[in-house]
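Presented below is the structure to which this report refers.
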Amino acid sequence: MKRVVVVGSGASGVHFAQTALERGAYVTLVDVGRTAPAPVLPDASFARFKREHDDPAGYFLGRKFEAVMFPGAKGEYYGFPPHKGFIFASLERFRARAQGFEPLSSFARGGLAEAWTGGAFPFHERELRDFPFDARELHASYGTVARRIGVSGTDDDLSRFTPVHEHLAPSLPLDAHSRSLLARYGRERERLNAGLGVWMGRTRAAVRSDERDGRHGCTNLGRCLWSCPREALYTPSITLRALLKHERFTYLDGRFATRIEADEANRVRRLHLVELATGRPETLEASSIVLAAGTLASGKLFLDSLRAHGGRAPVLEGLMDNRQVLVPYIHLPMLRQRYEPDSYQYHQLALGLEREDPRHYVHGLVTTLKTALIHPIVQSVPFDLKSALWIFRNAHAALGIVNVNFHDERRAECRLELESDGDGSRLLVRYEPAREEPERMRSALGTVRKALWKLGCIVPPGMAHVRPMGASVHYAGTVPMSAQARPLATSPDGESHDLRGLFFADGSTFPFLPAKNLTFTLMANAERIARRWCDAQA
Amino acid sequence: MAERSELDRECDAFARYLGASVGDGYVREQYWAAHAAGAVELPSTTSFERAVVSLARSVPLLVRPLDAHARVFSNGGLLRRKLVLLLAILEVRAPHDEELDTPTGTSVPGMFLRMVWLGLVFGVLLACGMLLSLPIWLASRLGASR
Ligand SMILES: Cc1cc2nc3c(=O)[nH]c(=O)nc-3n(C[C@H](O)[C@H](O)[C@H](O)COP(=O)(O)OP(=O)(O)OC[C@H]3O[C@@H](n4cnc5c(N)ncnc54)[C@H](O)[C@@H]3O)c2cc1C
Ligand code: SF4
């Protein structure tokens with residue numbers, strides 16, 4: 001009988017579990033599993049919501065006004081609404097410290113992707129060169145995952161960078177600003193392609209345009225940022241809910257996995273857990289354990305296990321994350337227009353920048369400003385607030401941002417280590433940017449500015465914001481897959497070479513990180529690993 | 001923290017300054033609640049910042065020059081914090097969201113001309129704000145040295 005224990009209910013964990021169940025396995029999923037509050041006024045549009053909710057300030061700003069961005073506030077502004085706090089709330093048992101990195105972790109049902117922006121871009125064959133398996137295998141999994149979650153997109157100019165896969169549903173209707181940009185691109189296409197090496201097209205997003213499997217299609221409520229109340233925008237907790245109905249599925253939430261125990265032959269035997277409500281230790285006998293706790297939490301669990309097993313914890317090298325730079329712009333034809341609250345709020349277009357080495361492709365997500373809170377922007381205009389508001393209200397519909405993503409490679413200086421911390425251990429996350437990064441960014445940002453100019457946009461000088469490493473939350477690379485068996489690496493099936501029967505189904509195993517958002521590939525790879533695991537069991 | 005009645009008065013004065021209609025009990029309630037929750041005043045808030053706020057509250061006409069001055073010299077100070085808080089409350093509450101965030105219907109050239117004008121006005125406001133703030137600042141320094 002095929003039995004497997006999975007740790008984590010994020011994007012990686014639930015798709016591993018779904019495939020394993022579909023192929024006849026018994027799955028036990030261990031999870032901290034914090035839950036989301038129930039959706040409020042689920043059919044109300046953003047504008048109606050503000051009219052009908054009896055305490056909009058409590059909802060949008062928080063009971064302690066923690067979501068107000070006061071002037072001079074330090075640190076990265078994420079703009080997460082208070083009711084999404086459960087996604088990022090820290091956990092005393094998971095201790096971490098970072099240098100050169102701002103780590104985000106989640107202990108929620110569904111993990112970090114409960115707050116994601118749905119970008120679902122498959123990797124190109126050339127970006128999979130270091131992955132030790134046939135790219136076609138992953139391509140099949142992209143189709144399977146797209147059917148499950150609903151991915152919308154169009155076969156257009158961007159397909160040269162983001163291949164078309166099966167079950168790609170039609171894109172959502174464009175908002176007026178994005179429509180204007182795309183029309184302009186149509187006119188400037190030759191010059192942008194040949195002159196600058198820039199292509200533009202519809203984004204790929206995990207949002208349903210149609211009604212299916214009990215999930216509604218997008219009806220342009222404009223509340224994506226505040227959690228889509230119709231679940232048109234995919235989140236892993238939707239899959240988890242479906243798994244809970246499966247008779248061969250057991251969900252152990254409120255549990256924190258502390259380490260994996262292996263025997264003398266280095267075969268996994270059991271998983272040690274703690275029930276969080278009582279602090280009571282528990283164990284689960286298992287011969288196959290799948291880590292899908294997210295690259296950082298899986299790394300810590302792995303290191304704690306190796307330390308308990310062999311007396312000493314090694315260093316996991318090769319942590320990767322996409323550097324992101326936010327480039328705000330003003331699209332001049334949209335000045336003085338009314339912004340569109342009733343439309344899909346996240347990126348609707350994407351930019352692709354061709355580079356000499358195709359693996360260094362630069363990826364830009366174009367998001368037009370709609371229902372995000374305005375006070376953080378208005379206060380940044382260098383005038384008194386009355387004048388700033390006048391300028392903002394006439395420019396709102398013209399404002400947008402390009403989130404420019406850069407690739408990353410595994411480097412020894414970017415790593416995970418364990419430190420002693422009283423009675424337990426603490427994860428130390430270290431990151432150092434590559435030496436060539438400043439030049440890479442300078443060149444790409446110059447191209448983005450020129451492209452935006454051709455598209456009828458101006459980029460206010462000095463406003464580009466280099467996000468700290470860690471902010472993109474595309475973590476990968478610490479226990480890479482490799483064709484050769486070696487310590488601190490996995491087989492192409494995601495199985496550890498150190499502890500047999502231990503599998504990694506999250507970003508830990510990626511040997512390379514292209515500039516594209518990785519979560520669609522996390523899900524597809526977890527699906528692929530589950531297929532291989534089931535085949536091996538059979 | 002100021003008295004409830006003072007905060008209501010302040011809330012109305014600042015709402016009018018931002019271009020919103022006044023007298024919404026919910027907005028006043030939230031403005032007060034944020035103060036009560038300790039979200040507004042910082043341990044570093046100075047007597048000068050408090051005096052500026054109290055002047056702005058008493059003479060609403062002076063809110064704009066004092067805001068212009070604070071934008072340049074005291075962006076993280078009490079006056080800006082209170083104004084931004086109120087803006088945040090207003091933007092999530094109908095009908096104020098529309099009052100604050102609807103285009104004014106000017107032409108594009110008109111808009112650019114208006115922006116140049118706003119720049120000039122800002123310069124004048126800043127100068128006025130400095131003149132207004134200077135005696136308050138001196139008084140607070142004197143008070144502190146005593
Ligand atoms: C604001 C935001 C926007 C994003 N937008 C995009 C996007 O547009 N496109 C994209 O591709 N990616 C995006 N991402 C990144 C994406 O969310 C992550 O890559 C993805 O969620 C990682 O999934 P995961 O399953 O590997 O891990 P996680 O999401 O981190 O899930 C970890 C799971 O493991 C559980 N867990 C952890 N440790 C333990 C333990 N010791 N014991 C028991 N359970 C444990 C947690 O409860 C959780 O369920 C975004 C992220 C954020 C925050
Ligand atoms: S616009 Fe956003 S919130 Fe509204 S239905 Fe579509 S995905 Fe959901």
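Bear in mind that the values here come from a model prediction, so they are computed numbers and not experimental data.
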Can you check whether A:A57's main-chain N or O pairs, donor with acceptor, with B:Q30's side chain at less than 3.5 Å? no
Evaluate the criterion side chain to side chain donor-acceptor pair (under 3.5 Å) for residue pair A:S387 and B:R64; output intermediate values, then yes/no. CA-CA 9 Å; A:S387 307; B:R64 197 168 178 193; 2.8 Å; yes
So which part of A:Y339 gets closer than 4.5 Å to some heavy atom of chain B, the side chain, the backbone, both or neither? side chain
Working for side chain to side chain contact (heavy atoms under 4.5 Å, CB included), residues B:H69 and A:D384: CA-CA 8 Å; B:H69 174 267; A:D384 57 284; over 6 Å; no
Pick from B:A94, B:G76, B:A88 with the largest number of heavy-atom pairs that fall under 4.5 Å of chain A: B:A88
Checking the side chain of A:K386 only, and the main-chain atoms of B:Y17 only, is there a donor and an acceptor separated by less than 3.5 Å? yes
Name the option with the most non-hydrogen atom pairs under 4.5 Å to chain A; the candidates are B:M115, B:M111, B:E91. B:E91
Could you check whether B:E98 pairs with A:R393 (Lys NZ or Arg NE/NH1/NH2 to Asp/Glu carboxylate O, under 4.0 Å)? no
Side chain / backbone / both / neither for A:L61 at chain B, heavy atoms under 4.5 Å: side chain
Option in B:V63, B:V92, B:T102 with maximal non-hydrogen atom pairs under 4.5 Å from chain A: B:V92
Counting only heavy atoms not in B:L61, do more than 12 sit closer than 6.0 Å to its CG atom? no
Most chain B-contacting option - heavy-atom pairs closer than 4.5 Å, from A:F46, A:W390, A:Y59, A:F60: A:W390
Between A:R336, A:K64, A:M69, A:E66, which residue shows the highest count of heavy-atom pairs closer than 4.5 Å to chain B? A:R336
Check whether any side-chain heavy atom of B:D101 sits under 4.5 Å from a side-chain heavy atom of A:L389, and report yes or no. no
Report yes or no: do A:D55 and B:Y26 form a side-chain donor-acceptor pair below 3.5 Å? yes
First locate atom CZ of B:F112, then atom CG of A:L335, and finally report the distance between them rounded to the nearest 0.5 Å. 5.5 Å
Would you confirm whether A:Q379, through its side chain, and B:V84, through its main-chain N or O, come within 3.5 Å as a donor-acceptor pair? no
With chain A, which of B:V72, B:V27, B:T106, B:L90 has the greatest number of heavy-atom pairs at distances under 4.5 Å? B:T106
Part of B:Y31 lying under 4.5 Å from any heavy atom of chain A: neither
Quick check for you: among A:L373, A:V68, A:D54, A:L385, which has the greatest number of heavy-atom pairs under 4.5 Å with chain B? A:L385
Just so I know, are the side chains of A:F383 and B:R71 near enough to count as touching, which here means a heavy-atom distance under 4.5 Å? no
Winner by heavy-atom pair count (cut-off under 4.5 Å) against chain A, out of B:L87, B:V121, B:L118: B:L118
Could you tell me which portion of B:L83 (side chain, backbone, both or neither) has an atom closer than 4.5 angstrom to a non-hydrogen atom of chain A? both
Residue selection (most heavy-atom pairs with chain A, distance under 4.5 Å) from B:T104, B:L18, B:I89: B:T104
Compare all side-chain heavy atoms of B:R81 with those of A:P71 and state whether any distance is below 4.5 angstrom. yes
Answer with side chain, backbone, both or neither: which region of B:A33 has an atom nearer than 4.5 Å to a non-hydrogen atom of chain A? both
Does any backbone or side-chain atom of A:E52 lie under 4.5 Å from a heavy atom of chain B? Answer side chain, backbone, both or neither. neither
Which atoms of A:T371 are under 4.5 Å from chain B, going by heavy atoms: the side chain, the backbone, both sets, or neither? neither
Any side-chain heavy-atom pair from A:I391 and B:R114 closer than 4.5 angstrom? no
Side-chain donor or acceptor of B:N75 paired with backbone N/O of A:G72 under 3.5 Å: no
Does some side-chain heavy atom of B:R93 sit less than 4.5 Å from a side-chain heavy atom of A:K50? no
